[in-house]
Each structure stands twice: as structure tokens, then as C-alpha cells.
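Remember, it's 1-based here, ligands and their atoms both numbered in the order they're listed. All values reported here derive from a predicted model rather than from experimental measurement. Throughout, residue positions are numbered sequentially from 1 according to the sequence presented.
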Amino acid sequence: MHDFWKVGEDAAHSRLAAWEADVDGYDDKRNLPSVDKVSRLSPHLHFGEISPIQIWHRFKDKRSKGWETYEGELIWRDYSQNAILQFPKYATQNYREDFDRFPWRDPATDEAAARDLNAWQQGRTGYPIVDAGMRQLWQTGWMHNRVRMITASFLIKHLLIDWREGEKWFWDTLCDADYASNATNWQWTAGTGVDSNMFSRIMAPLSQSEKFDAARYIRTYVPELAKLDEPYIHDPEEFGRRPAGYPRKIVPHREARERALAALKAMKDS
Ligand SMILES: Cc1cc2nc3c(=O)[nH]c(=O)nc-3n(C[C@H](O)[C@H](O)[C@H](O)COP(=O)(O)OP(=O)(O)OC[C@H]3O[C@@H](n4cnc5c(N)ncnc54)[C@H](O)[C@@H]3O)c2cc1C
């Protein structure tokens, strides 16, 4: 486990005190995985080592955009807890029942899907930002929020694997694994939940990687790519710079997108 999470109430309060210097910049920096400018309070919150109310009292008189956005994230956490109270099976059942008919590729019966799930879990998909995120998760027990969104979307939409497989993997590997936050975020990404993102909004991992300046993050977690400059590091295969030992993309982006939209149409027509 990475040493960022020191267990206990004292450590939680030290982390909160350190966070005070950065909270005002949260709005600008929270989406940049290469920069360590999020609070990393999630495991402390999950295990009750600190409460959202304690955090709120510390910062409530601030007037910055950063604090306003951060406060909103704490409220998302409470929203997730509330969703679970209303729908206790949210981690295992689609809220939108239409998705019970979705033609997922099933790793239990389809060898290619099982291989793809394994490549995703191990961070060997050929998409550097996805691989960096999945390796950060495995090595540290934590993953940056922007990259959680990218990797989750990739499993569901590029690989067409049921969000519940991803929910289970995150549940097993995150040090902040939280029944409510995990389930609501997976259903949100899949488009299967209450107040969800639409399934048809498919994230392009390679442009996300450039947009959110992930080069340094990729270099940290995917050492095979550490010597690549920008823009090659975001998509080495496309630029003909893929080092030996780093995998080809397990599915091309455009093909994956078309396959996902066709699956959505098949569900709607059935
Ligand atoms: C697919 C997926 C799975 C996730 N699984 C979990 C999980 O199991 N446990 C978990 O705590 N968070 C989960 N999240 C939400 C979010 O990624 C983490 O809370 C955040 O990255 C933790 O880092 P931080 O403490 O530095 O967050 P900060 O950005 O500093 O946010 C502060 C706090 O707000 C809360 N928060 C922030 N974003 C969210 C959100 N989207 N939903 C609910 N609460 C939020 C967390 O308690 C967090 O500690 C998941 C997100 C996605 C996309």
C-alpha cells in the first residue's frame, strides 16, 4: 500500500490540515492526474476516521471556487449513501431495467471477453491512460477520480463488459472501496443508474489523456513508455512509437465506439 494513506484518526486530521493549503485550487487542478492536488481523504472518510461535517466546519468560511467545488464532491458522497438507502441492491442490479437486456460480452462464456477483462485488470490494454490507472490501482490501492471515470468507461463501452465486473474489481482493490460510492459511480458511468450519464456518451481515452495532461502520470505507472515525449506517449501505436513489450490496442477506438452504439441499438430494438 502506498504511504499516502496512514491509518487512523490522527493521520486523517494531519491530511486535512495539509489539504488546507490546496483546497482553493481544487477547481482548476482536480482533473489533472499528473498533479497531486486532490485531498486523498477518501479512505479516511470511508473508515470513519474523519467525517464530512468536520471537513465542512474547517473550510466553511472560505469563499473560493475551489472550496465550493470540493464541497459539492462531499455532497456527492452523501448523495451516494442516500441512493443506497433507497436502493440497497444498487451494486448488483441495473436501476434502469432496459439494461437487463443489454448484450454484454460475458467473460464467463466468451474467451475473448475473459482475455480483455484480464488485460484491463492488469493494465495491458494498449491505451496508456487506462493502463496507468489500472496499474496505479494495483500498486497503491487508489486511483485518481478522472482516471476512474476513463477506465470504467473503457471497460463498459470499449470492451462491452458489464459494469458489475468493474464494480467487483474496484471493490476488491481500492483502499477506499465503498459500497455506495462505488456502485453509484459505476452505474453513473454505465448509464444504467438514477440520474446517470447517457450510455451513448463514450469517452475517448486518448483525447482525455491529452486534454488532462496525463504524460507524467503515464510515465510513473507505465515504465515501458517513460522515454516517450508528447504527443507520442498518449498514443504510441498511432505514431509508430510503440516500444517492444508494450501491447497493441486490444480494440481500436472507432471500432469499439461503433460496436457499443450497435449494442445499445440492439437493446432498444429488442
Ligand atoms: C468508477 C468509479 C468508482 C468509484 N469508487 C469509489 C469508491 O469505492 N469509494 C470512494 O470513496 N469513491 C469512489 N469513487 C469516487 C471518487 O473517485 C473518489 O471518491 C475520489 O477519487 C477519492 O479521492 P479524493 O479523496 O482525493 O477525492 P477528492 O477529489 O479530494 O474529493 C473529496 C471527497 O469527496 C468524495 N467524492 C469525490 N468524488 C466523488 C464521487 N464521484 N462520488 C462520491 N463521492 C465523491 C469522496 O469522499 C472524496 O474523498 C469512484 C469513482 C468512479 C468514477
Notebook entry, point to check: Are the ring centres of Trp188 and Tyr79 closer than 6.0 Å?
Noted result: no
Next item on the list: Starting from atom 6 (C) of ligand 1, locate the nearest protein heavy atom and write down its residue, its atom name and how far away it is, to 0.1 Å.
Entry: Arg148 NH1, 3.4 Å
Checklist line | Residue, atom name and distance, where the atom is the protein heavy atom closest to atom 16 (C) of ligand 1 | finding: Asn145 OD1, 3.4 Å
Check: Among protein heavy atoms, which sits nearest to atom 4 (C) of ligand 1, and what does the distance come to when rounded to 0.1 Å?
Finding: Asn182 OD1, 3.7 Å
Check: Does NZ belonging to Lys37 count more than 12 external heavy atoms closer than 6.0 Å?
Finding: no
Margin query: Looking only at protein heavy atoms, which one is nearest to atom 9 (N) of ligand 1, and what is the separation?
Written below: Asp176 O, 2.8 Å
Notebook entry, point to check: Which ligand 1 atoms does Ala177 reach within 4.0 Å, using its non-hydrogen atoms?
Noted result: 8 (O)
Margin query: To the nearest 0.5 Å, what is the distance between OG on Ser42 and CZ on Arg15?
Written below: 10.0 Å
Note to self: Under 4.0 Å from a heavy atom of Leu45: which atoms of ligand 1 are those, numbered in the order shown and with their elements?
What the structure shows: 47 (O), 49 (O)
Item checked: 4.0 Å heavy-atom contact, Arg30 with ligand 1 -> no
Margin query: Does this structure show an ion pair linking Glu68 with Lys62, if we count only N-O contacts that are shorter than 4.0 Å?
Written below: no
Notebook entry, point to check: Are a donor atom and an acceptor atom from the side chains of Arg96 and Thr192 found within less than 3.5 Å of each other?
Noted result: no
Check: Would Trp163 and Phe99 count as a close aromatic pair, with their ring centres under 6.0 Å?
Finding: no
Notebook entry, point to check: So which heavy atom in the protein is nearest atom 41 (N) of ligand 1, and how far is it from that ligand atom?
Noted result: Asn185 OD1, 3.1 Å
Check: Which part of Leu174 is near ligand 1, with near meaning a heavy atom under 4.0 Å away: side chain, backbone, both or neither?
Finding: side chain
Next item on the list: Identify, with sequence neighbours excluded, every residue that meets salt bridge (charged side-chain N to carboxylate O under 4.0 Å, His left out) alongside Arg257.
Entry: none
Item checked: Proximal atoms of ligand 1 relative to Leu41 (non-hydrogen, under 4.0 Å) -> 25 (O), 49 (O)
Check: Counting both backbone and side chain atoms, is some N or O of Arg40 under 3.5 Å from an N or O of ligand 1?
Finding: yes
Check: Is any N or O atom of Asp178, backbone or side chain, closer than 3.5 Å to an N or O atom of ligand 1?
Finding: yes
Margin query: Between Lys265 and Asp269, does any NZ, NE, NH1 or NH2 come within less than 4.0 Å of an OD or OE carboxylate oxygen?
Written below: yes
Note to self: Distance under 4.0 Å to a non-hydrogen atom of Trp142: what atoms of ligand 1 satisfy this?
What the structure shows: 22 (C), 23 (O), 26 (O)
Checklist line | Which of the ligand 1 atoms, numbered from 1, are nearer than 4.0 Å to a heavy atom of Met149 | finding: 53 (C)
Margin query: Counting non-hydrogen protein atoms only, what is the nearest one to atom 47 (O) of ligand 1? Give residue, atom name and distance.
Written below: Arg77 CD, 3.1 Å
Next item on the list: Pick, from Ser42, Ser39, Ala180, Pro43, the option with the minimum heavy-atom distance to atom 49 (O) of ligand 1.
Entry: Ser42
Next item on the list: Please confirm whether Tyr79 comes under 4.0 Å of ligand 1, counting heavy atoms of the residue only.
Entry: no
Margin query: Check for me whether His46 has a heavy atom closer than 4.0 Å to any atom of ligand 1.
Written below: no
Margin query: I'd like to know whether ligand 1 has Trp171 as a neighbour, heavy-atom separation below 4.0 Å.
Written below: no
Margin query: Checking Pro52 now: which residues fulfil side-chain contact (heavy atoms from CB on, under 4.5 Å) with it, not counting sequence neighbours?
Written below: Leu45, Arg77, Asp78
Check: atom 29 (O) of ligand 1: which of Tyr70, Trp76, Trp186, Tyr26 has the nearest heavy atom?
Finding: Tyr26
Notebook entry, point to check: Please state which protein non-hydrogen atom is closest to atom 39 (C) of ligand 1 and give its distance, to 0.1 Å?
Noted result: Glu73 OE1, 3.6 Å
Notebook entry, point to check: Charged N to carboxylate O under 4.0 angstrom, Arg105 versus Asp162?
Noted result: no
Next item on the list: For this output row, return yes or no: ring centroids of Trp169 and Trp186 closer than 6.0 angstrom.
Entry: no
Checklist line | Glu230-His234 side chain donor-acceptor pair, cut-off 3.5 Å | finding: yes
Notebook entry, point to check: When you check the gap from the basic side-chain N to the acidic O, do Arg124 and Asp131 get nearer than 4.0 Å?
Noted result: no
Notebook entry, point to check: Which residue and non-hydrogen atom of the protein lie closest to atom 33 (C) of ligand 1, and at what distance in Å?
Noted result: Leu74 CD2, 3.9 Å
